[in-house]
Number of protein chains: 2
Amino acid sequence: MSTATFTVNGMTCGHCVSSVKEEVEEVAGVTSVEVDLASGLLTVVSDAPVDRSDISKAVEEAGYELAG
Amino acid sequence: MSTATFTVNGMTCGHCVSSVKEEVEEVAGVTSVEVDLASGLLTVVSDAPVDRSDISKAVEEAGYELAG
């Protein structure tokens with residue numbers, strides 16, 4: 001079990017949060033995803049450590065981007 | 001054929017626009033709906049003039065509200 005946190009830029013509403021959640025939940029090995037709109041905090045729980053690039057791609061598919 | 005315009009408060013992204021569009025399109029008699037995110041302008045084309053209250057209800061169902 002592994003937990004990683006990221007910051008997502010550009011989310012403005014609950015729909016944005018849902019889009020990010022849906023895409024990141026589809027990343028292989030991810031078991032749970034939390035997204036906080038106000039802070040942009042994305043918390044990803046997975047079976048094994050996830051690649052930042054996989055999370056980044058998923059966030060971009062939703063139409064947003066990781067900070068940093 | 002009748003065209004009416006309203007202003008919607010609270011939309012922040014394209015998902016918000018889609019939600020409003022979907023709900024207003026379901027109002028009886030409505031044939032076409034345009035929503036501009038930047039201005040909040042909602043343009044409703046309908047067979048006969050629509051009641052503001054019907055449009056207001058639809059916008060509220062989407063999670064937003066009419067200005068004024």
Side-chain angles (χ1 to χ4, degrees):
Chain A
M1 198 72 125
S2 171
T3 301
T5 59
F6 308 88
T7 301
V8 179
N9 286 336
M11 296 186 299
T12 56
C13 76
H15 300 113
C16 302
V17 167
S18 301
S19 297
V20 169
K21 222 165 167 297
E22 273 176 37
E23 291 293 342
V24 176
E25 278 168 351
E26 285 174 14
V27 174
V30 168
T31 54
S32 163
V33 177
E34 290 301 322
V35 181
D36 182 70
L37 172 59
S39 62
L41 193 69
L42 164 64
T43 306
V44 181
V45 180
S46 51
D47 297 328
V50 289
D51 279 354
R52 181 188 161 93
S53 64
D54 290 341
I55 302 302
S56 179
K57 263 182 235 160
V59 168
E60 279 169 24
E61 271 161 34
Y64 308 92
E65 58 175 22
L66 289 187
Chain B
M1 198 73 127
S2 172
T3 301
T5 58
F6 306 89
T7 300
V8 178
N9 287 335
M11 298 186 298
T12 56
C13 77
H15 300 113
C16 302
V17 168
S18 300
S19 297
V20 169
K21 223 167 167 293
E22 273 177 37
E23 290 293 341
V24 176
E25 278 168 350
E26 285 175 13
V27 174
V30 169
T31 54
S32 163
V33 178
E34 291 302 323
V35 181
D36 182 68
L37 172 60
S39 62
L41 193 69
L42 164 65
T43 306
V44 181
V45 180
S46 51
D47 297 328
V50 289
D51 279 354
R52 182 189 160 92
S53 64
D54 289 341
I55 302 302
S56 178
K57 261 181 236 162
V59 168
E60 280 169 25
E61 270 161 34
Y64 307 92
E65 57 175 23
L66 290 187

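Quick note: numbers below take in every heavy atom, side chains included, and nothing from hydrogens, waters or symmetry partners. The chains referred to below are lettered A, B, ... by the order of the sequence lines, with proteins before strands, and numbering in each begins at 1.
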For this session: Apply side chain to side chain contact (heavy atoms under 4.5 Å, CB included) to B/Ile55 and B/Val44, showing your working.
Result: CA-CA 9 Å; B/Ile55 302 302; B/Val44 181; 4.2 Å; yes
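Under the 4.5 Å side-chain criterion, counting only non-hydrogen atoms from C-beta, B/Val24 is in contact with B/Leu42. Taking 4.5 Å as the limit, every side-chain heavy atom of B/Val30 sits out of range of all side-chain heavy atoms of B/Val45.
If you chain together hydrophobic residues whose side chains sit under 4.5 Å apart, B/Leu41 and B/Val8 never meet in one group.
For the atom pair B/Phe6 CZ and B/Leu66 CG, the distance stands at 6.5 Å (nearest 0.5 Å).
When all heavy atoms of B/Val27 and B/Ala58 are compared, the pair lying nearest together is CG2-CB, 3.7 Å.
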I'd like a table of the N/O donor-acceptor pairs between chain A and chain B - cut-off under 3.5 Å, distance only.
from: A/Thr12; atom 1: O; to: B/Thr12; atom 2: OG1; distance (Å): 3.4
from: A/Thr12; atom 1: OG1; to: B/Thr12; atom 2: O; distance (Å): 3.4
from: A/Thr12; atom 1: OG1; to: B/Thr12; atom 2: OG1; distance (Å): 3.1
from: A/His15; atom 1: NE2; to: B/Ser19; atom 2: OG; distance (Å): 3.1
from: A/Ser19; atom 1: OG; to: B/His15; atom 2: NE2; distance (Å): 3.1

